[in-house]
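A short worksheet on the structure shown next.
Both backbone and side-chain heavy atoms feed into the values below; hydrogens, waters and symmetry mates do not. Within every chain, numbering begins at 1; the chains are lettered A, B, ... in the order of the sequence lines, protein sequences first and strands thereafter.
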Amino acid sequence: MSAVTVENLFMEYDGNPVLERVNLAVAHGTFTAIVGASGCGKSTFLRLLLSQERPTRGAIRIDGEPVAAEPTPDRGIVFQRYSVFPHLTVTENLMLPAELAGSRLFGRLFLGSRRRAREGVTNTLQRIGLWAARDRYPAQLSGGMQQRLAIAQALLMKPKVLLLDEPFGALDPGIRADMHAILLELWREENMTVFMVTHDIGEAFKLATRVLVFDKVRHDPDFPEAYGSTITYDLALTRKDAAPPPRLLNPPLEGGSKAQSAFGEGAAVADGPPPSRTLLAQSPTSPRGGGSMEPRSSRQGAH
Amino acid sequence: MTATLSGSPGKAGGDAVPRPKPPRRRLRLINRKPGRGAVVILGVIPFLLIVGGYLVASALRRAENPQDKLMPSLEAMGRAIVQYAFTPDVRSGDLILWADTAASLTRLGGGLAIAATIALVLGIAIGFLPHARATLAPVVAAISLIPPLSILPILFIIFGLGETAKVALIVIGIAPIMTRSVARAVAEIPQEQIVKAETLGASTWQLVTRVILPQALPHLVTATRLALGPAWIFLISAEAIQATSGLGYQIFLVRRYLAMDVILPYVAWITILAYSFDLALRVLSARAFRWANSAGRGL
């Protein structure tokens with residue numbers, strides 16, 4: 001059963017289409033990367049998945065149910081920046097979901113329940129390597145630490161779908177590689193469906209089990225805004241660890257990938273070079289399922 | 001340059017050939033910075049010049065006319081201070097300066113507290129709730145453009161000549177700009193944070209209490225600091241026009257007798273009070289909102 005289905009999605013801003021005829025079915029546990037040129041609508045697509053914006057037409061379903069009209073805890077989000085709360089320490093950032101759930105009136109816990117919430121995030125703090133920095137404010141953390149915190153915070157709600165909007169775009173290349181490893185381990189461990197928007201093709205192929213390319217299939221040279229983007233390439237990547245692995249009981253965070261290779265027969269390690277992967281399918285899904293990628297004369301005419 | 005380069009390698013020291021001096025370049029003015037001590041000295045100089053200039057001018061005037069009242073001597077001002085601050089008034093038995101200070105600060109504090117409360121509530125509503133913004137933003141913007149002193153007569157008519165009208169003048173004078181300032185700060189909280197909090201299960205009210213309010217408070221303190229100047233203006237104006245006590249009242253009262261020896265210490269005292277308030281708010285902000293001031297620094 002598909003975890004996320006998108007049916008005939010259209011998105012227009014002030015009559016200018018950004019996305020058109022987006023159809024998609026994503027299986028549970030898939031790590032989907034979304035790439036495309038600037039302005040191709042990939043971030044818009046992610047905002048639609050999050051219900052941060054509502055589509056002009058079309059439907060988005062998670063586990064068969066239409067998504068709520070506003071952001072809800074079933075979809076976690078990590079933005080490139082501003083994902084954590086600057087006025088809360090690392091610990092307080094992680095305690096926030098428990099406090100919101102435990103106190104509808106104040107959104108704040110006191111005394112014993114507060115202490116229990118604090119103890120509840122101890123494990124998470126140690127796993128993401130922020131134990132030593134637990135009492136610092138986000139402004140005192142490096143970019144990589146902030147994003148680790150943001151990812152951990154988003155995962156606390158156990159979302160069905162984790163959405164990542166260029167989460168590592170502002171990080172140094174070295175830090176980025178570390179973050180990739182952490183993200184892959186969390187993905188395997190939590191067995192969740194991930195959508196990641198990125199402008200870094202290498203990152204997309206390194207992390208994802210499925211890569212979507214957004215682009216315009218129709219162009220009007222006199223009126224560039226006449227048509228929106230859609231999914232032009234849909235690449236499923238075979239990778240030994242692509243399917244969610246057997247669940248380990250409390251798999252250790254460090255050396256998680258080693259445990260992995262013990263299961264899979266010579267499993268491709270997460271940071272292996274992209275050429276080692278084979279493309280399972282390279283099917284340009286043109287709007288009506290036809291094969292042509294040629295710019296076509298419009299059936300709808302200019303808007 | 002060439003002389004140095006062509007020196008034989010044997011002469012390791014190369015002292016024999018005089019190096020040409022690097023051209024002495026004076027730094028641009030913008031790159032010449034005073035040291036720590038110089039900063040203090042430079043800051044004190046204008047004060048000394050003002051005081052010194054006053055003393056010289058005062059001495060010259062009094063040499064010409066010992067009865068001169070416009071520029072009293074320090075001794076005369078000292079006598080006035082002793083009389084107003086430390087000698088009970090014959091008629092009321094009060095220490096006049098302290099009674100005036102208490103009356104003025106009560107009005108000022110009341111006005112600031114009410115204005116800050118209004119600014120916080122309305123500012124968050126306007127900055128955060130789209131419907132509240134549509135409803136309230138235009139009217140707050142319009143009210144903020146009314147010259148407050150022009151409606152002082154209305155306030156006296158409505159509230160009478162007591163304390164209420166003076167506090168109301170301060171509130172009306174500063175609350176609209178403080179509200180707009182808080183609303184702007186709230187509106188500038190990144191949308192990402194609000195969406196993130198929604199995905200963590202926050203309701204609108206919880207968003208206000210846990211995300212918006214804590215981040216609005218430092219801006220409220222800043223807005224209050226900026227409103228202190230106007231608040232003093234409205235306080236002194238209201239007291240000058242209609243009051244029976246207060247710092248502004250006293251200044252305008254003794255103006256009839258050209259009592260510069262009283263007015264000047266009062267003005268200095270008001271300045272000290274205003275500076276202390278500003279300093280206190282600045283320290284409060286730095287202490288209470290460490291997260292807003294800790295960017296890039298370790299704990």
Checklist entry - side chain to side chain contact (heavy atoms under 4.5 Å, CB included) between B:T199 and A:L50: does it pass, once the steps are laid out? => result CA-CA 9 Å; B:T199 67; A:L50 183 62; 3.8 Å; yes
Item to check | Test side chain to side chain contact (heavy atoms under 4.5 Å, CB included) applied to B:V195 and A:F79, step by step | outcome: CA-CA 10 Å; B:V195 171; A:F79 294 104; 4.0 Å; yes
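Counting non-hydrogen atoms of other residues, nucleotides and ligands closer than 6.0 Å to CZ of B:R184 gives a total of 12 or fewer. Heavy-atom contacts from other residues, nucleotides or ligands closer than 6.0 Å to CZ of A:F110 number more than 12. Dense packing is recorded around CZ of B:R225, with more than 12 heavy atoms of other residues, nucleotides or ligands lying under 6.0 Å away.
A donor-acceptor pair is defined here as one N or O able to donate and one able to accept, closer than 3.5 Å; no such pair exists between the side chain of B:Q193 and the backbone of A:Y82. For the pair B:Q206 (side chain) and A:S103 (backbone), a donor-acceptor distance under 3.5 Å is present. Under a 3.5 Å cut-off, the side chain of B:W205 and the backbone N or O of A:L105 do form a donor-acceptor pair.
Most heavy-atom pairs under 4.5 Å with chain A: of the set B:A197, B:S203, B:P190, this distinction falls to B:P190.
In summary, of the residues considered (A:P71, A:S51, A:P73), a side-chain contact (heavy atoms from CB on, under 4.5 Å) with B:E198 occurs for A:P71 alone.
At a threshold of 4.5 Å between non-hydrogen side-chain atoms, the residues A:Q80 and B:E192 do not count as touching.
Contacts of A:R108 with chain B are made by both backbone and side-chain atoms, with heavy-atom separations under 4.5 Å. At a 4.5 Å heavy-atom cutoff, the contact between A:L96 and chain B is made by side-chain atoms alone.
The two residues A:S83 and B:K196 have their closest heavy-atom pair at O-CG, 3.3 Å. Across all non-hydrogen atoms, the minimal contact from A:L100 to B:L200 is CD1-O, 3.8 Å. Listed here is the closest heavy atom pair of A:R104 and B:G201: NH1-O, 3.9 Å. In terms of heavy-atom proximity, A:P86 sits nearest to B:Q215 at CG-OE1, 3.4 Å.
One finds the CZ atom of A:F85 at 12.0 Å from the CH2 atom of B:W291 (value rounded to the nearest 0.5 Å).
A:E99 and B:R210 are joined by a salt bridge, as a carboxylate oxygen and a charged side-chain nitrogen come within less than 4.0 angstrom of each other.
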